[in-house]
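Accompanying notes for the structure given below.
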Amino acid sequence: MKNTNTFFEKVFEIVKKIPYGRVTSYGAIAEYLGIRSSARMVGWAMNISHSSKKNVPAHRVVNRNGMLTGKHHFGGPDVMQQLLESEGITIVDEKIVDFNKYFWNPLKEITEV
DNA sequence: TTGCTGACCGACG
DNA sequence: CCGTCGGCCAGCA
């Protein structure tokens with residue numbers, strides 16, 4: 001049924017698997033898919049994710065620095081931050097505090113395909 | 001159909 | 001330290 005041939009759908013699967021109060025990075029997802037060089041494709045996947053009817057918690061996906069780079073695409077510059085803070089994550093200067101603590105590594109959590 | 005762009009990351013000068 | 005470029009895939013004009 002889910003012919004996840006396109007890595008976009010793979011990205012959605014991973015992002016949707018992110019537990020509550022956790023975040024991940026584009027690079028981590030890209031690396032999990034085996035396309036570390038194509039981390040920007042992951043960001044593009046997020047772009048269509050908000051356009052799509054799928055409920056993808058793209059707000060839990062940030063860049064390598066833990067910075068909310070794509071917050072502007074959530075329909076508001078503060079929507080992403082509000083969502084993360086709502087999950088118990090502290091945001092300072094558009095950046096996640098203790099990002100390493102909240103970081104959710106798909107490579108570590110999803111060891112099996 | 002072709003070409004450009006995109007919410008990134010890492011390397012190089 | 002900072003600016004620039006390459007890389008990968010898919011959507012859109």
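No hydrogens, no waters, no symmetry mates; every other heavy atom, side chains included, goes into these values. The model shown is predicted, which means the values in this text are computed figures rather than measured ones.
Rounded to whole Å, the separation between the P atoms of B:dT5 and C:dT4 comes to 16 Å. Comparing B:dC4 with C:dC5, their P atoms are spaced 15 Å from each other, to the whole Å.
If you take CD of A:Glu9 and P of C:dC9, they are 17 Å apart, rounded to a whole angstrom.
Applying the under-4.5 Å side-chain rule to Ile, Leu, Val, Met, Phe, Trp and Tyr, the cluster around A:Met67 consists of that residue alone.
The distance from the OH atom of A:Tyr102 to the OG1 atom of A:Thr24 is 15.5 Å, given to the nearest 0.5 Å. Here the OH atom belonging to A:Tyr26 is positioned 13.0 Å from the CZ atom belonging to A:Arg64, to the nearest 0.5 angstrom. The CD1 atom of A:Ile29 sits 8.0 Å away from the CH2 atom of A:Trp104 when rounded to the nearest 0.5 Å.
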- Query: How does each nucleotide of nucleotides 6-13 of chain B score, in 5' to 3' order, for protein heavy atoms under 4.0 Å: base (B), sugar-phosphate only (S), or none (-)?
  - Reply: BBBSS---
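Between A:Arg60 and A:Glu87 a salt bridge is recorded (basic side-chain N to carboxylate O distance below 4.0 Å).
Take A:Asp93 and apply the salt bridge (charged side-chain N to carboxylate O under 4.0 Å, His left out) test, not counting sequence neighbours, and it matches no residue.
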Name each donor-acceptor pair under 3.5 Å that joins a side chain in residues 68-83 of chain A to protein atoms two or more places apart or in another chain, with its distance.
from	atom 1	to	atom 2	distance (Å)
A:Lys71	NZ	A:Glu94	OE1	3.3
A:Lys71	NZ	A:Glu94	OE2	2.3
A:Gln81	NE2	A:Glu85	OE2	3.3

Just list the side-chain donor-acceptor pairs under 3.5 Å for residues 36-43 of chain A, sequence neighbours left out, or say none.
none

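Across residues 83-99 of chain A, not one residue has a non-hydrogen atom less than 4.0 Å from an atom of DNA chain B.
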